[in-house]
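First, the structure itself, so that you have it in front of you.
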Amino acid sequence: MSDQTPLVRIEGLSKHFGDTVALDNLTLDIAKGEFVTFLGPSGCGKSTTLRILGGFERPTTGRVILDGEDVTRQPPEKRHVNMVFQDYALFPHMTVAQNVAFGLELKGMSRSEIRRRSEEIMSFLELESYASRYPLQLSGGQRQRVALARALAPDPALLLLDEPLGALDAKLRGQVQQELKSIQRRTRKTFFFVTHDQEEALTMSDRIVVMNKGKVEQDGTPEELYFRPASRFVAEFIGETNLLSGQMRGTEGDKVVMDWENTTLLGTAPAGIPGKGQPITASVRLEKLGFSAERPQTANAVQGRVVGKTFLGSRMAVQVAVGDGDVLLKAYVDVQTGQSVDDDLIWIGWEPDNMAVLND
Amino acid sequence: MNDRPELFRGNRIFLACIYWSFVLYVFVPLILMVLMGFKDSKFIGFPIRSWTLEWYVGVFADAEILSTFGYSVAIAILSTLISIFVGTWLAVLLEGRKFWGRTIIFGLAVLPALVPGIISAIAFRIYARWLGIEPGMGAIVWAHAVHNVPFVVLVVMARLSTLPRSQIEAARDLGADPLISFIRITLPYLVPAILGASIFCLLLSFDDFVRSFFLGGYEPTLPVLIFAMLRSGMSPEINAIATVALILTAVVGIWAERFTRRMNKDS
């Protein structure tokens, strides 16, 4: 992605709170202009990483290098980094314009320069008409934009976003996600986004780092994470999936051969495949399973019985019992194309590329 | 709102009776005091046969009473300024921090409010003599300030504990060092508490008798003057002074209460 030096270099970062290890030896580079999302359940270390980058926590060990400079011990006010807080942290006694100008004043800009820059950023975020209002007079979405404007105004090298959409209602959230992504594209700023919402991460990010128990589970593009999860944790955390527990039989070229419910299946493998005869788990996304009345041409195919259907609007979720009937596969059927799943017995097929063998 | 059990009629009347008897109990003495200030006779008591404003005219024409009033106000303002400064500083030091001796400092900061007035007044008197401080305005201001610090500490700490940590972090993030973020974020946030505490301190100081009596020089504060006048017999003039003081303190108190409540609601 980048052949230059990275904007942020995180080296062996650990943070201990008493006996708890919040962050365990994290090493990572962030390129300029990237939209990186740290995704994980609460307590996975994503917020700790963010707070260390912002200067609000000192790491127990490790270093943070920003633009070639070691900033590990710098206080927040010295860093060329700004943050959008989870509760927005707008100053209630200042107007929108004063909030936005706060960071510029402290940079020692001239009055006319401050005015020009705040007007520019407020018009960019369509906040001009609210300039003289106070934060309490704004809606949640407007406050969120003010927080963003205030953090972007001083032109930071890195923008940190701490679950900034958590307080918005579901409908607004979708809209703000698109907005944030487009703002990031237009400003070409590096965004470091923290969330526990996998959908949010998939929609906005160039790159997602999935965290669990203070460690990186997987680091890749949204597509890689979704279709080729490296671990069971990632497969289960992101989207809905079918987990197939079987036995390792061997490899065939770059494919893994596994036994599952008296069938032989082919899948793609991560690095470090378990040995022959070992139990393994593979993940297939719901939308990658196809139905047919006859045996399909795909490399993997099993027969099953439809046991449940749920209408979801544009598509239908179907549950199919396979084997002795105690293994259920879930799949989506497009309602529009009118694929028939009315038959009791049905074939399900999928390609090896769509099945990822997981590290447990 | 309305999930309280409905009161029976008898119960309601009973509660209303208790309430109104309490109101009478509190206000009848005040009303009597105010009425006597308008009585056209030196003798305090019923019946009131004719009314006059003569006592009020007398009060406002009496240079000694007026200068005593000014003296009391000056003491109240000075001691309040000191208590606010010291109390806010202590509150900021104590709130949300853990350090060795925190409990002891907190205890010492709050103690003056708990010591009985007469004991602290005598203690101050002895201490002042030992330090060589002359009785008078300085000594009174000092005693009032010490006595009022605990109220400032408690009120400001309570407000400070509701300041979200992210407010200070946001200020730091945007380039403010700890001092600037204190001045530009923490202090404005504390304004309602500081104002409320100031009014309270002003009224406490204005009202104080014991400390002012023990530490005063030749010039009396208003309560001390009233006390001195009482010794030569009760006069409606005292009622007139007291009525003016009552109205002033009530107006200031009610205004401050409403003002701080509105400010608290705004932020």
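Lettering of chains follows the sequences in order, A, B, ..., and the numbering in each one begins at 1.
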For this session: Kindly check if the number of other-residue, nucleotide or ligand heavy atoms within 6.0 Å of OH (Y25(B)) is above 12?
Result: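 No, because the 6.0 Å sphere around OH of Y25(B) holds 12 heavy atoms or fewer from other groups.
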Exercise. Hey, which of P164(B), P178(B), S181(B), A171(B) has the most heavy atom pairs under 4.5 Å with chain A?
Worked result: A171(B)
For this session: First locate atom CG of L174(B), then atom CE of M83(A), and finally report the distance between them rounded to the nearest 0.5 Å.
Result: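 The CG atom of L174(B) sits 11.0 Å away from the CE atom of M83(A).
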Problem set entry | Neighbour count above 12 (heavy atom, 6.0 Å) for R186(A) CZ |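 Correct, the count exceeds 12.
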For this session: Kindly say whether L90(A) contributes a backbone atom to a donor-acceptor pair with the side chain of Q167(B) at under 3.5 angstrom?
Result: yes
Seminar exercise, completed: Here the pair of heavy atoms bringing A176(B) nearest to E77(A) is O-CB, 3.6 Å
Exercise. With only heavy atoms counted, which part of F85(A) is less than 4.5 Å from chain B, the side chain, the backbone, both or neither?
Worked result: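 It is the side chain, since no backbone atom gets that close.
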Problem set entry | R172(B) side chain reached by L106(A) side chain, heavy atoms, under 4.5 Å | no
Exercise. Non-hydrogen atoms of chain A under 4.5 Å away: do they reach the side chain of I180(B), the backbone, both or neither?
Worked result: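 Side chain only.
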Exercise. Of the listed residues (K107(A), H93(A), E105(A)), which shares the most heavy-atom pairs with chain B below a 4.5 Å separation?
Worked result: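 The option with the most such pairs is H93(A).
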For this session: Test F102(A) against R184(B) for side chain to side chain contact (heavy atoms under 4.5 Å, CB included), laying out the working first.
Result: CA-CA 10 Å; F102(A) 190 83; R184(B) 296 210 43 192; 3.7 Å; yes
Exercise. Counting only heavy atoms not in R115(A), do more than 12 fall under 6.0 Å of its CZ?
Worked result: no
Exercise. Is the number of heavy atoms from other residues, nucleotides or ligands within 6.0 Å of CD (E128(A)) greater than 12?
Worked result: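 Above 12, so yes.
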Problem set entry | D173(B) and R79(A): CA distance, side-chain angles, deciding distance, side chain to side chain contact (heavy atoms under 4.5 Å, CB included) verdict | CA-CA 8 Å; D173(B) 186 63; R79(A) 300 186 183 200; over 6 Å; no
Problem set entry | Portion of Q86(A) that has a non-hydrogen atom of chain B nearer than 4.5 angstrom | neither
For this session: Check whether more than 12 heavy atoms from other residues, nucleotides or ligands sit under 6.0 Å from atom OH of Y127(B), and answer yes or no.
Result: no
Exercise. Where does D87(A) contact chain B at under 4.5 Å (heavy atoms): side chain, backbone, both or neither?
Worked result: side chain
